[in-house]
Chemist: 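Okay, handing you the structure first.
In what follows, every chain begins at residue 1, and chains take the letters A, B, ... in the order their sequences are listed.
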Amino acid sequence: MKNEFIDKWKSQVKKGTLSFLVLNAIRKKELYGYELIEIIKKSTSIEIAEGTLYPLMNRLKKEGLTSSKWVEQESGIPRKYYILTNEGKITLKQMRKYWNELQESITKITNNEI
Amino acid sequence: MNYKNQLLKLRTMKFKKIKLKDKNAQRVYDNYINSLRNVLKPILDSDRQEVLMEFNSHIYEHLQNNKSEIEINALLNAIDKLGAPEEVLKPLIADKLLEKATKSFNPIQILKALLLNITNGVSYIIFFLLYLSLGFFVFLIFAKLFNSNVGMYYKEGKFQVLGLIKGNADYQEILGYWFIPVMLITVIILYFIITLILKAKRILNNKK
């Protein structure tokens, strides 16, 4: 077994799906950064370099897929909440469609082989 | 909340340091914030403030969610998981620096931004070479000061060479000392054109 190869492949898959995961997570409910990371970690067991999430969120915002706002907290350390824009919702729909198609074809291929 | 309000709010919402109970934890935290500030130094004030607040909020929430742990351990965990600032923030800084440099047309900023972006594609190497080639024109200006034969040479009404041709009557130098302002203006115009293309490329890249 080529462990090194598998690890590299895994990290590529994670990198490629992170934005998809993030968009799904903030579809219905606005989340702040730390909360968002915790949800992704819990539900997917994906360990991300947490610092990379914030630049990613910036990029999604620039693309017009998300919007964000700072909300003052009693502690004096404000939280930044992220939510999908309408454009983001439409985009996510298309991404999901593609994801499902991909999943189907992968299942077909893997079933044939086993 | 509209954009303008948000900006106003951000302006009033300044970065605020977290107060920790443990002295050593406070030192570790202060060091981390300082290194963040250092890494973010080249980018615009407002962008720096934004990233600083994002990371600070992350650390604070992590500490709040891990109160049962020893403070300094929780802090170190939060910092470890965020990753080394210079590494995780490199793409962001490279892009923001390019944005800033193509706005200000400041050659030193452009050079810095290109060097940071050089691993992001061949085109940045080409831009680097284009800027470097401007150095040739600057060199010619200085060369003219030391050797008045340097100039723009024509032969039979056709442009031949920028530089120096010795002892050949077929070639005529046509600019004389006008050579210096002409070269200077050429450099400035080319500099603006290359920088505008670089700016357009950056915007296109981000749209992709």
Chemist: Do any of residues 32-43 of chain A come closer than 4.5 Å to chain B, heavy atom to heavy atom, and if so which ones, in number order?
Modeler: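 Contacts with chain B: A/Tyr32, A/Tyr34, A/Ile37, A/Lys41.
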
Chemist: Considering residues, nucleotides and ligands other than A/Lys14, do more than 12 of their heavy atoms fall under 6.0 Å from its NZ?
Modeler: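 Counting other residues, nucleotides and ligands, NZ of A/Lys14 exceeds 12 neighbours.
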
Chemist: Taking all atoms of both residues into account, what is the closest heavy-atom pair of A/Pro55 and B/Leu89, and its distance?
Modeler: CG-CD2, 4.1 Å

Chemist: Could you state the interatomic distance from NZ (B/Lys81) to CD (A/Glu50), rounded to the nearest 0.5 Å?
Modeler: 6.0 Å

Chemist: Check whether more than 12 heavy atoms from other residues, nucleotides or ligands sit under 6.0 Å from atom CZ of A/Arg96, and answer yes or no.
Modeler: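 Count over threshold, so yes.
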
Chemist: Quick check on B/Lys103: does its NZ atom have over 12 non-hydrogen neighbours (other residues, nucleotides or ligands) under 6.0 Å away?
Modeler: no

Chemist: Side chain, backbone, both or neither: which part of A/Ser75 has a heavy atom under 4.5 Å from chain B?
Modeler: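 Both backbone and side chain of A/Ser75 come within 4.5 Å of chain B.
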
Chemist: Taking side chain as everything from C-beta outward and backbone as N, CA, C, O, which of these in B/Asp80 sits under 4.5 Å from a heavy atom of chain A? Side chain, backbone, both or neither.
Modeler: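 Neither part; nothing is under 4.5 Å.
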
Chemist: Quick check for you: to the nearest 0.5 Å, what is the distance between A/Ile77 atom CD1 and B/Gln64 atom CD?
Modeler: 9.5 Å

Chemist: Does A/Glu4 CD have over 12 foreign heavy atoms under 6.0 Å away?
Modeler: no

Chemist: Evaluate the side-chain contact (heavy atoms from CB on, under 4.5 Å) criterion for residues B/Lys96 and A/Asn58: first the C-alpha distance (whole Å), next the side-chain angles of each, then the deciding distance (0.1 Å), finally the verdict.
Modeler: CA-CA 11 Å; B/Lys96 293 280 183 196; A/Asn58 271 322; 5.7 Å; no

Chemist: Do you know which of A/Lys80, A/Arg79, A/Met57 makes side chain to side chain contact (heavy atoms under 4.5 Å, CB included) with B/Glu54?
Modeler: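 When A/Lys80, A/Arg79, A/Met57 are each tested with B/Glu54, the side chain to side chain contact (heavy atoms under 4.5 Å, CB included) holds only for A/Lys80.
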
Chemist: So for atom CD1, which belongs to B/Ile70, do other residues, nucleotides or ligands contribute more than 12 heavy atoms lying within a distance under 6.0 Å?
Modeler: no

Chemist: Quick check for you: to the nearest 0.5 Å, what is the distance between A/Tyr54 atom OH and B/Leu92 atom CG?
Modeler: 13.5 Å

